[in-house]
Amino acid sequence: MKAVLQRVKSASVTVDGQLISSIGRGILVLAGVGKEDTEKDMDTMVGRILRSKLWPADENGGQWKKNVQEIEGEVLCVSQFTLYGDMKKAKPNFNGAADVETARRLYDYFFQKMQAAYKPERVQNGVFQAMMDVDLRNDGPVTIEISTKLPPSEKTEKKKNKESDESTEGEKKSYEFKLPASLLE
């Protein structure tokens, strides 16, 4: 799953001129479901979003100290399959996005988990597969992209580290230190 988090002062979704949902201070979440995503990815994403420290502690405090729950903010979730758009050519390719049925099922699961993990009345939704007008008043601006899948280079590095750790399990490690001759006198 991919998501773009935007710290907002307000945000709303309108479909065919009708206001569907709106929030005040909080996070606008543009969420896309990928082909290989599972409910576990949705659970992971909910946790990451709610723990994301995007606000300062107070007027005089440092940045990045509080999450949306700590400021008693709101969350507006909007399904966004275009996050899986590949622009290798002039026309976007969405082959990485999940099929409609899978995406709907997993996105609905994600939204329900978000409501359950926070306060249902503080979590709003767009309309799945609709042409939406999304209005927002960005705060900062602060815009962060997060994903439940590691990029290929990070996966390879993690795998190498894990294999290295497994091959040395149970073995005693030794270290060699070279001291200057002046310390040995």
Side-chain angles (χ1 to χ4, degrees), residues 1-55 66-149 151:
M1 179 173 209
K2 290 183 181 181
V4 172
L5 310 182
Q6 292 190 296
R7 187 176 77 182
V8 297
K9 293 184 178 183
S10 63
S12 64
V13 171
T14 304
V15 176
D16 295 328
Q18 181 180 352
L19 180 65
I20 301 300
S21 56
S22 65
I23 63 168
R25 183 179 186 212
I27 302 174
L28 169 62
V29 179
L30 304 174
V33 179
K35 278 185 175 178
E36 297 177 11
D37 287 342
T38 64
E39 289 180 355
K40 183 178 178 187
D41 292 302
M42 305 302 112
D43 294 338
T44 298
M45 186 61 77
V46 166
R48 285 185 184 171
I49 291 168
L50 293 177
R51 286 189 311 271
S52 295
K53 298 195 179 279
L54 303 177
W55 285 270
K66 291 188 176 184
N67 63 41
V68 72
Q69 294 171 303
E70 292 167 327
I71 66 154
E72 297 183 11
E74 297 177 280
V75 179
L76 175 56
C77 299
V78 175
S79 63
Q80 186 82 40
F81 81 96
T82 60
L83 290 176
Y84 280 91
D86 177 348
M87 292 297 294
K88 289 181 183 171
K89 297 182 180 178
K91 181 181 174 184
N93 173 327
F94 302 105
N95 287 338
D99 63 84
V100 175
E101 293 84 27
T102 302
R104 181 183 304 274
R105 180 181 56 79
L106 289 174
Y107 177 81
D108 287 346
Y109 177 87
F110 162 77
F111 179 71
Q112 291 166 4
K113 284 294 200 173
M114 182 70 75
Q115 284 187 311
Y118 188 25
K119 297 176 181 175
E121 68 278 5
R122 292 193 174 269
V123 180
Q124 302 297 315
N125 202 2
V127 178
F128 187 87
Q129 212 175 4
M131 290 298 294
M132 295 175 271
D133 294 328
V134 179
D135 291 314
L136 68 130
R137 188 165 167 223
N138 217 320
D139 181 10
V142 172
T143 303
I144 307 285
E145 180 182 350
I146 58 177
S147 176
T148 57
K149 305 292 185 213

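Within 6.0 Å of the CD atom in Q18, the count of heavy atoms belonging to other residues, nucleotides or ligands does not exceed 12. At most 12 heavy atoms of other shown residues, nucleotides or ligands fall within 6.0 angstrom of atom CG in D16. Open room surrounds CE on M131; 12 or fewer heavy atoms of other groups in view lie less than 6.0 Å from it.
Going from atom CG of L136 over to atom CD1 of I27 covers 13.0 Å, rounded to the nearest 0.5 Å. The structure places CG of N125 at 9.5 Å from CD of Q112, a figure rounded to the nearest 0.5 Å. Atom-to-atom distance recorded for M1:CE and D37:CG is 7.0 Å, nearest 0.5 angstrom. Annotation: the span from D99 atom CG to K35 atom NZ amounts to 9.0 Å, rounded to 0.5 Å. Summarising the geometry, atom CD belonging to Q69 is positioned 11.5 Å from atom CD1 belonging to I49; distances are rounded to the nearest 0.5 Å. The structure places CG of L30 at 6.5 Å from CG of L83, a figure rounded to the nearest 0.5 Å.
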Go through it in stages, so that I can follow the logic: the residues are V4 and Q80, the test is side chain to side chain contact (heavy atoms under 4.5 Å, CB included), and I'd like the CA-CA distance, side-chain angles, deciding distance and then a yes or no.
CA-CA 9 Å; V4 172; Q80 186 82 40; over 6 Å; no
Criterion side chain to side chain contact (heavy atoms under 4.5 Å, CB included) on T143 and N138, from CA distance to verdict:
CA-CA 9 Å; T143 303; N138 217 320; 4.0 Å; yes
What's the verdict on salt bridge (Lys or Arg N to Asp or Glu O under 4.0 Å) for E72 and K119, showing C-alpha distance, side-chain angles and the deciding distance?
CA-CA 10 Å; E72 297 183 11; K119 297 176 181 175; 5.2 Å; no
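Across all their heavy atoms, Q124 and E121 have their closest contact at NE2-O, 3.3 Å. Nearest heavy atoms, G140 versus R7: CA-NH2, 3.7 Å. Among all heavy-atom pairs drawn from S52 and L5, the shortest one is OG-CD1, 3.8 Å. Scanning all heavy atoms of the two residues, the minimum distance from A3 to V29 falls at CB-CG1, 4.2 Å. For S21 against L76, the heavy-atom pair with the smallest separation is OG-CD1, 3.3 Å. Smallest separation of non-hydrogen atoms from S147 and K2: OG-CG, 4.1 Å.
Judged purely by atom type and a 3.5 angstrom limit, R137 has no side-chain atom pairing as donor or acceptor with the backbone of S10. Although no hydrogens or angles enter the test, the distance criterion places no donor-acceptor pair under 3.5 Å between the side chain of E74 and the main chain of G26.
Contact annotation: the side chain of D43 approaches that of Y109 to within less than 4.5 Å [non-hydrogen atoms, C-beta and beyond]. Annotation: side chain of W55 is in contact with side chain of D139 (closest heavy-atom distance under 4.5 Å). Contact annotation: the side chain of M42 never approaches that of T148 to less than 4.5 Å [non-hydrogen atoms, C-beta and beyond]. In this structure the side chain of M132 reaches within 4.5 angstrom of the side chain of V78, judged on heavy atoms. Side chains of V75 and F111 form no contact here, defined as non-hydrogen atoms less than 4.5 Å apart.
In summary, R105 and E39 engage in a salt bridge, as defined by a charged side-chain N under 4.0 Å from a carboxylate O.
Between F110 and Y107, the angle of the ring planes lies from 30° to 60°, which puts this pair in the tilted group.
Counting only N and O atoms by type, the side chains of D41 and T44 include no donor and acceptor under 3.5 Å apart.
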